[in-house]
Amino acid sequence: MSTLAITRPVSASIGRCELSFSDRVPIDLERARAQHGLYESALRGLGCRVESLPGADDLPDAVFVEDTAVILDELAVITRPGVASRRPEIAAVAETLSSLRPLARIEAPATLDGGDVLRANRTLFVGLGSRTNQAGAEALARLAEPLGYSVVHVRVTGCLHLKSALSWLGEDRLLLDREHVDLRSPHGFRLISVPPAESPAANVLWIADTALLSGGYPRTRECLEALGLSCVTVENSELAKAEGGLTCCSLIVESSGPSTRADREPPKGQATDES
Ligand code: GLY
């Protein structure tokens, strides 16, 4: 089993990113890029091979690559982001994923952001909120349910994406911020509430049996460590100003053998951690 993390550089235009729930405040580009570099280093430290897509300085939100696709074991679903400014991001992602998985696409009028899809074992929680519509959630269900996934629709309010407020922590554990996620039934999972006043910490990237969480949320880290979970903290203060969390900055592709193009050679013109 190998794990590929697809990332994309922070665009020079990040200051013009989409904002839905936060006021615009200046983003320090160099600091954002430095923090993103440390994020990629943390992924490598957890055993991932990091493949960085070409930068796209004309696409302010391109760093939030998670929103452009949903990776299942059997296929990759290329999304149709809920805001038009983000739709040009999908081309480069689709090209790279085409060598890793069969592709399926979400078509108009459906909209779906990858940040609204949380996979936990064979369950896909799909957030219905500001970016993903009912047609998008149903389109994903038509692709995933025949493959054996259960699809659960979840109403999201007051935050950008489902994964802003709901994360998988391995096994049967879900971390959630109940203020933003209306998860009425646990669907067989154990629900762990993010500590009060640490709402943004509900976005955790669970990878290599480790919780990768944003710096500045010590009570959440204590809570997870008290559950016996291994934790790694990464600073994300600059991209948080763009409403981006840690999961937003990568697409995680698990592969069981060296059969993908990415395992054989880096795509032309794309940086890898070997380069
Ligand atoms: N700035 C992240 C987004 O709105 O998609």
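Values in this document were obtained by computation on a predicted structure and should not be read as measured data. Below, each value reflects all heavy atoms present in this structure, side chains not excepted, and no hydrogens, waters or symmetry copies.
- Side-chain contact between H36 and P9 is absent, with no heavy-atom pair separated by less than 4.5 Å.
- Nearest heavy atoms, A242 versus I27: CB-CD1, 3.9 Å.
- At a threshold of 4.5 Å between non-hydrogen side-chain atoms, the residues R101 and I71 count as touching.
- Here CD1 of I14 is found 5.5 Å from CG of D61. Values are rounded to the nearest 0.5 Å.
- The main-chain N or O of D57 is found under 3.5 Å from a side-chain atom of S13 such that the two form a donor-acceptor pair.
- Here the OG1-CG distance, from T233 to L213, works out to 4.5 Å after rounding to the nearest 0.5 Å.
- There is a side-chain donor-acceptor pair under 3.5 Å between S20 and R131.
- Comment: E107 does not engage R105 in a salt bridge, judged by the lack of any side-chain N to carboxylate O separation of less than 4.0 angstrom.
- The side-chain tip of R119 does not point at the ring of W206 from less than 6.0 angstrom away and within 45° of straight on.
- Between S11 and R33, the shortest heavy-atom distance links the atoms C-NH2, 3.8 Å.
- For S230, the side chain to side chain contact (heavy atoms under 4.5 Å, CB included) partners two or more places apart in sequence, or in a different chain, are T210.
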Can I get a per-line list of side-chain donor-acceptor pairs under 3.5 Å for residues 187-203, giving both atom names and the distance, sequence neighbours left out?
residue	atom	partner	partner atom	Å
S193	OG	R178	NE	2.8
E198	OE1	R219	N	3.4
E198	OE1	T220	N	2.8
E198	OE1	T220	OG1	2.6
E198	OE2	R219	N	3.1
S199	OG	D177	OD2	2.4
N203	OD1	L246	N	2.7
N203	OD1	T247	N	3.2
N203	ND2	K163	O	2.7
N203	ND2	T247	OG1	2.8

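- Between D182 and T157, the closest side-chain pair of non-hydrogen atoms is not below 4.5 Å.
- Counting only N and O atoms by type, the side chains of E89 and T68 include no donor and acceptor under 3.5 Å apart.
- No donor-acceptor pair closer than 3.5 Å links the side chain of T96 to the backbone N or O of V93.
- Remark: the backbone N or O of F21 is paired with a side-chain donor or acceptor of E243 at under 3.5 angstrom.
- Side chain to side chain, S250 and Y39 meet the donor-acceptor criterion of an N or O pair below 3.5 Å.
- Across D113 and P81, no two heavy atoms sit closer than the pair OD1-CA, 3.1 Å.
- The distance from atom CZ of R221 to atom OG of S214, rounded to the nearest 0.5 Å, is 12.0 Å.
- Side chain of N236 to main chain of Q35: no donor-acceptor pair is present (N/O by atom type, distance under 3.5 Å, no hydrogens or angles).
- For A135, the side chain to side chain contact (heavy atoms under 4.5 Å, CB included) partners are A110, N133, not counting sequence neighbours.
- Atom SG of residue C249 and atom CD of residue E40 lie 9.0 Å apart, to the nearest 0.5 angstrom.
- When all heavy atoms of T132 and A137 are compared, the pair lying nearest together is CG2-N, 4.2 Å.
- Residue R24 holds its CZ atom at 4.0 Å from CG of L19, rounded to the nearest 0.5 Å.
- R122 has a carboxylate O that lies under 4.0 Å from a charged side-chain N of E74, or vice versa, which qualifies the two as a salt bridge.
- R86 contributes a side-chain N or O that, together with a main-chain N or O of F64, makes up a donor-acceptor pair within less than 3.5 Å.
- Residues L176 and L174 have side chains not in contact (no heavy-atom distance under 4.5 Å, counting atoms from C-beta outward).
- Taking both residues in full, the closest heavy atoms of S85 and P88 are given as O-CD, 3.4 Å, listed atom of the first, atom of the second, then distance.
- Remark: R16 CZ is loosely packed, at most 12 non-hydrogen atoms of other residues, nucleotides or ligands lying under 6.0 Å away.
- Between V204 and W168 there is no side-chain heavy-atom pair separated by less than 4.5 Å.
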For side chain to side chain donor-acceptor pair (under 3.5 Å), just list the numbers for T7 and E51, CA-CA rounded to whole Å, side-chain angles, deciding distance to a tenth of an Å, and then say yes or no. CA-CA 6 Å; T7 62; E51 181 176 318; over 6 Å; no
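- Residue V83 belongs to no hydrophobic cluster, having no ILVMFWY side-chain heavy atom closer than 4.5 Å to its own.
- Using a 4.5 Å heavy-atom cutoff, the side chains of R155 and L162 are not in contact.
- Cluster partners of V77 are V70, L72, L75, I106, L112, V117, L124, V126, L140, L143, L147, Y149, V151, counting Ile, Leu, Val, Met, Phe, Trp and Tyr whose side-chain heavy atoms approach within less than 4.5 Å, directly or via other members.
- Between V154 and L128, the closest side-chain pair of non-hydrogen atoms is not below 4.5 Å.
- For the residue pair S255/S2, the side-chain donor-acceptor check at 3.5 Å is satisfied.
- T3 is linked by a side chain to side chain contact (heavy atoms under 4.5 Å, CB included) to C48, I207, I252, E254, counting only residues two or more places apart in sequence or in another chain.
- Across all their heavy atoms, E238 and P26 have their closest contact at OE1-O, 4.3 Å.
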